[in-house]
Amino acid sequence: GQSASFTIQVVGDKTGSSAASYADSVIDRTGAPGSYRGEFTPKSAETYTLTVRVDGYIVAQGSSTHVALTFLPTEAAYFRLTSGSTGVMVTTGVVGEALRYTINQWNVQYNRDLSTATTKFVSTLSRPDGVSVNIQPDAAAADINLNRQLSITGGDSVNSLTKTAGVYSLSVRLADAATPTVFNAVDLSPVTFTLRAGAAVVSYSIVIIPNTPAGGYNVGSFVNVQVLLRDKFNNSISVVDPADDVQVMVVSRATGARTFVALEPNTVAANADASELVAPHRVLYASDSLSITATIGGQTTRQLGPSSVTTGTKINPQSISALASISASAGVPAEMATVMQVAGVDYVFYVNAYDLNGNKAAEDVFLTIVLTAADYVATVASFNGTGVNGTAGVNGSGVQVSEGARRMLSADQLSAVASPALEQGDPYLTAMMEHLDEPRRTLLQTSADPLRLVGNYLAIGVWDTTFKAYKISYQLTKADDYVMTLTVTPSGSSVGYTANPPVVRQYVARILPALHAPLQTTLLPVVSTNAVTKGDLTLQLNDAFKNPLNVVGTPEVRVQLDLSTSVTTATLLGHYPTRVTDTGAIIISVSTAGKLMVQYIATTAGEYSLTVIVDGVSTPVTGTKVLVNAGPVSAARSDADGTGWYGAVAGTPAKFSVTGRDAYGNQRNSNDTPTSTLQVLRGSGSVKEVINLSPA
């Protein structure tokens, strides 16, 4: 009944201490009192040494040995197929290689003489070409480890079994000793391995150069040179080894440049059957001739098709650069340049379509060109917000403008001149009439990437077949400074498309007044004057759009003031430029920019009718009334009347009236209050008294 600690240890002659699983302590007391029971489980077929310890001391019997045997379901299972010195199976290789496999009797407790006639192996090699070949083990006897060798012939000879690239399968079976007609697969059979094609050789490889399409290759398209690479066994190569030094050289006649298109796995695109490699060469220049040659290790390969191809004049729309197009178009105003224009006159410039290599498109390449206009105020250092089309914010070129600078033009301030020259059903572009302000305004959108049509566009670019460029035509009628925003968007591009983004250019259009239009002449507010005093009238000369002229120019102007009443008539006349027949009653001179000063002196008071004729045309100001009041009172021209003026009766009030008149006899109006002095004379004329009186 004493407590004791029992431990066991199992050590295999091949696997060592990991040979078996067992309990650390023997605790089973199901036997006789004072006895203990334990167990272990062998993991492989080998000889084990069992050691039992009590409190760390080996029991009196010492260690014991045991033999563990493995019994497998078939005799073939005692044999294993391995390869190489390490026993690791080969999974990949190159055609022409000689391979060696080993039939290994891995269980040493199973002893069978592999050299006897009853030990019959059947080995079959299935090749990618669909042919299966039986392989016999080497004639030599088994080695000391009871192994037999199985060789697969390689090399260039007719006996080579590894000339075809692809997946191979090797199966090894053993005839059962008891039933020789029954064959069972050995362990790890079958095995598969892949042999890739060898190095490319000139003798079997072919380069196919495509024929030039009608009109030549478009600039931006690809000339796909097909390269059929073969190794010395005529296996197709789908992945190029850089060591093969396969190159396709394209020489441009226009520039003399040589372009090498190396066939590498990361640049070569295989076609559908994966048997060809394509060397894609991008066409860079129009009207060019490209000679094409291919070499392998410096040797020229056999070529099918023409030795050269030609390029046409067309450019793929996707190759057009908005930046290159604006930069190369001489008629486009420079960034933030000031361009002088005249109100009501069509301003036209052209945007040529270019790619990055300087090729100019000779036909419509579907550039979307939009021009907007905003009142120019002043740029500010910073402004929060976004947008360039009628809203405050930052425009595409980074110039920031204030809220006022983004105000869009109203309908009466602009008119678009854009001809809708697109046919219905055009596969790339559609024309859409936008009835916003002007019925002639035409907006475009692409069917592939619709443009959101927002706000008032001043003009759009329309392809001009004569100039081979996009025509932008517009006119502004209000004289002012405008910030013009030109946005050029390549086909398929968008704001977030960094490879070929839209480009924005801004400039200032300074609209100057047009020629003077007589019917738009205006008159500044008229102020009445007095006789004798010079009166002033100011005529404003305007163009047809009511823009004040900056300079008067040389108009023929006639100004006439007419007075016609029941008692009197009067006419004042003057000209600009002054005529020798003018009397000076009306003098016309230049006042300030675009204004004429009309000065006149009238001697007859009254309401005059104004007539202004410019360049023979009666202006709208004709018929305006000009009031001329009487001048300062003149005693010499004033008069008195009434019974009291001629005599009086003593003691009786005498009455008479005094009529005030100016120097020209014009009667003063009723609001006048002239001071009168009455002198009373008696006798021989001596003054007896002087009385100052005011009118009653």
Side-chain angles (χ1 to χ4, degrees), residues 286 313-315 317 319-335 337 339-355 358-374 388-389 396 409 413-424 426-434 436-447 451 453 455-477 482-491 493 502-511:
T313 58
K314 294 184 178 181
I315 303 176
S319 299
I320 297 299
S321 165
L323 180 60
S325 298
I326 283 186
S327 301
S329 300
V332 178
E335 181 70 23
V339 179
M340 302 296 184
Q341 301 170 27
V342 177
V345 177
D346 288 350
Y347 182 71
V348 180
F349 63 89
Y350 294 87
V351 175
N352 297 300
Y354 283 90
D355 65 6
N359 296 295
K360 181 179 180 294
E363 61 181 20
D364 189 0
V365 287
F366 317 123
L367 282 180
T368 300
I369 304 176
V370 176
L371 183 68
T372 61
V388 297
N389 193 30
L409 303 176
Q413 293 173 326
L414 60 86
S415 61
V417 183
S419 173
L422 297 172
E423 298 180 358
Q424 295 292 330
D426 190 294
Y428 296 100
L429 293 178
T430 57
M432 184 177 72
M433 296 301 294
E434 185 76 12
L436 296 176
D437 298 323
E438 298 287 339
R440 290 184 298 167
R441 182 176 296 110
T442 305
L443 302 178
L444 296 183
Q445 63 179 0
T446 62
S447 57
L451 204 65
L453 304 175
N456 295 331
Y457 293 104
L458 181 59
I460 53 92
V462 178
W463 180 256
D464 190 301
T465 57
T466 302
F467 290 91
K468 307 296 183 184
Y470 291 92
K471 180 180 180 181
I472 294 89
S473 177
Y474 67 93
Q475 64 173 244
L476 295 169
T477 57
Y482 301 92
V483 175
M484 314 296 287
T485 301
L486 179 69
T487 304
V488 179
T489 305
S491 175
S493 179
V503 174
V504 174
R505 173 169 291 187
Q506 289 189 314
Y507 64 94
V508 176
R510 178 162 295 166
I511 307 302

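Just so you know, these numbers use all the heavy atoms, side chains as well, and skip hydrogens, waters and symmetry mates.
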Problem - Tyr354 backbone acceptor or donor facing Ser325 side chain under 3.5 Å - result: yes
Problem - Close side-chain approach of Phe349 to Leu486, heavy-atom, < 4.5 Å - result: yes
Exercise for the section: Decide yes or no for Leu458 and Met484: does some side-chain heavy atom of the first lie under 4.5 Å from some side-chain heavy atom of the second? Expected result: yes
Problem - Shortest non-hydrogen contact from Ser491 toward Val365 - result: CB-O, 4.0 Å
Completion exercise
d(Arg510 CZ, Met340 CE) to nearest 0.5 Å is 4.5 Å
Practice task
Write down the atom of Tyr347, the atom of Pro333, and the distance for their closest heavy-atom approach.
Solution key: OH-CG, 4.0 Å
Handout entry: Separation between OG of Ser329 and CD1 of Ile369, rounded to the nearest 0.5 Å
Key = 8.0 Å
Problem - Rounded distance (nearest 0.5 Å) linking atom OG1 of Thr465 with atom CD of Glu363 - result: 12.0 Å
Practice task
Measure from the side-chain N and O atoms of Thr485 to the backbone N and O of Gln506, and report whether any donor-acceptor pair falls under 3.5 Å.
Solution key: no
Practice task
Answer yes or no: is there a donor N or O on one side and an acceptor on the other, between the side chain of Tyr470 and the main chain of Phe366, under 3.5 Å?
Solution key: yes
Completion exercise
The reported gap from OG1 in Thr489 to CD1 in Ile320 (rounded to nearest 0.5 angstrom) is 13.5 Å
Handout entry: Check: Lys360 main-chain N/O paired with Lys468 side-chain donor or acceptor under 3.5 Å
Key = no
Practice task
Say whether, by atom type as modelled, one donor and one acceptor occur between the side chain of Asn359 and the main chain of Ala286 under 3.5 angstrom.
Solution key: yes
Practice task
Determine the minimum heavy-atom distance between Ile315 and Ala361, stating which atoms define it.
Solution key: CD1-N, 3.6 Å
Problem - Shortest non-hydrogen contact between Val488 and Ala322, atoms and distance - result: O-CB, 3.4 Å
Fill in the blank from the handout: On a heavy-atom basis, the closest approach of Ala343 and Thr477 is CB-O, 3.6 Å
Problem - From CD1 (Ile460) to OG1 (Thr487), nearest 0.5 Å - result: 13.5 Å
Problem - Approximate separation, where rounding is to 0.5 Å, of Leu476 CG and Asp346 CG - result: 10.5 Å
Handout entry: Nearest heavy atoms of Gln341 and Ala509, plus distance in Å
Key = NE2-CB, 3.7 Å
